[in-house]
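Order of listing sets the numbers, starting from 1, for every ligand and every atom in it.
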Amino acid sequence: MANRVPVIAGNWKMNTDVESGLKLASDILRLTNDVSGVEKIVCPPFISITRIAEELSGSSIQVGAQNVSSSANGALTGEISATMLQGQVSHVIVGHSERRAQNNETSEQISLKAIAVAEARMTPILCTGEDLAIRQAGKASSFVSEQLEANLAGFTEWDSLIVAYEPVWAIGTGEAATSDQAQEMTAVCREVIRKLAPHAADSIRVLYGGSVNSGNVGELLSQPDIDGALVGGASLKADEFSKLIVAASSG
Ligand code: PEP
């Protein structure tokens with residue numbers, strides 16, 4: 001993992017209400033506040049962000065958002081801009097495959113979102129990954145290279161970027177990529193970064209996401225190009241998520 005500090009980020013998706021989210025956050029805090037050598041991030045639904053940010057203020061756990069508008073302001077009902085998130089969160093997930101598929105997010109929109117987040121002094125967690133048909137066609141590497149390059153078009157804030165390789169077929173399926181597959185593809189991501197910003201390639205963290213749990217995290221994190229995990233299902237269980245944090249801290 002070179003000298004990069006590992007990251008464990010939890011994407012709660014559309015789960016938890018304000019009260020149960022607060023409880024989850026405080027349970028994770030109790031179990032991991034003293035664990036060092038790992039960056040810890042929770043990404044609750046928008047409605048809970050303010051309360052959870054207050055709860056975690058001054059602690060070792062950071063708060064992220066799951067999405068952001070690509071626009072600064074205007075007649076965009078239901079949208080939330082990067083400047084609105086400023087001061088509330090440190091990270092924003094951009095380009096999650098669920099949003100690409102369910103909300104028809106384009107590469108152009110995703111690149112604008114990543115730029116908006118970085119310009120507002122937060123860190124985008126930019127997701128990329130192939131679906132099963134692309135993998136079975138033997139095109140995973142070329143697809144992810146092209147997708148990530150397109151999503152980083154115009155991006156310049158290389159000190160403030162996390163990339164997450166998340167194969168669509170592994171998300172929420174219980175079938176994680178093997179550590180070899182995940183290593184191969186996180187290395188592909190790093191090569192894209194090297195092409196675009198050679199000076200940043202060895203410092204940017206590249207995460208793996210897709211059915212990570214306490215049973216497979218050690219093997220995944222032992223790979224040289226995997227700098228942590230973006231976690232969905234397992235991030236909703238305080239004890240399981242805490243085990244991932246502990247594994248990353250000693251890994
Ligand atoms: C995700 O949605 O980003 C994810 C990795 O989910 P899960 O861990 O549930 O596969």
Open item on the list: Are Ile171 and Leu126 linked, directly or through intermediate hydrophobic residues, by side-chain heavy-atom contacts shorter than 4.5 Å (ILVMFWY only)?
Closed with: no
TODO: Not counting sequence neighbours, which residues clear side-chain contact (heavy atoms from CB on, under 4.5 Å) with Ala9? List them please.
DONE: Val7, Ile41, Ile125, Leu230
Open item on the list: Quick test of your reading of the model: are Asp17 and Lys23 salt-bridged, counting only N-O distances below 4.0 Å?
Closed with: no
TODO: Quickly, which of Glu105, Glu119, Glu79, Glu108 forms a salt bridge (Lys or Arg N to Asp or Glu O under 4.0 Å) with Lys113? Name it, please.
DONE: Glu105
Task: Candidate list Thr128, Asp131, Asn151, Thr106, test side-chain hydrogen bond (donor to acceptor under 3.5 Å, both in side chains), partner Arg100, passing option - done: Asn151
Task: Nearest atoms (heavy-atom pairs only) where Ser60 meets Lys40 - done: OG-NZ, 2.7 Å
Between ligand 1 and the protein, find all N/O pairs closer than 3.5 Å and give the distance for each.
| from | atom 1 | to | atom 2 | distance (Å) |
| --- | --- | --- | --- | --- |
| ligand 1 | 2 (O) | Lys13 | NZ | 2.5 |
| ligand 1 | 2 (O) | His96 | NE2 | 2.8 |
| ligand 1 | 3 (O) | His96 | NE2 | 2.9 |
| ligand 1 | 3 (O) | Glu166 | OE1 | 3.0 |
| ligand 1 | 3 (O) | Glu166 | OE2 | 2.7 |
| ligand 1 | 6 (O) | Gly232 | N | 3.4 |
| ligand 1 | 8 (O) | Gly232 | N | 2.8 |
| ligand 1 | 9 (O) | Gly233 | N | 2.8 |
| ligand 1 | 10 (O) | Gly172 | N | 2.7 |
| ligand 1 | 10 (O) | Ser211 | N | 2.7 |

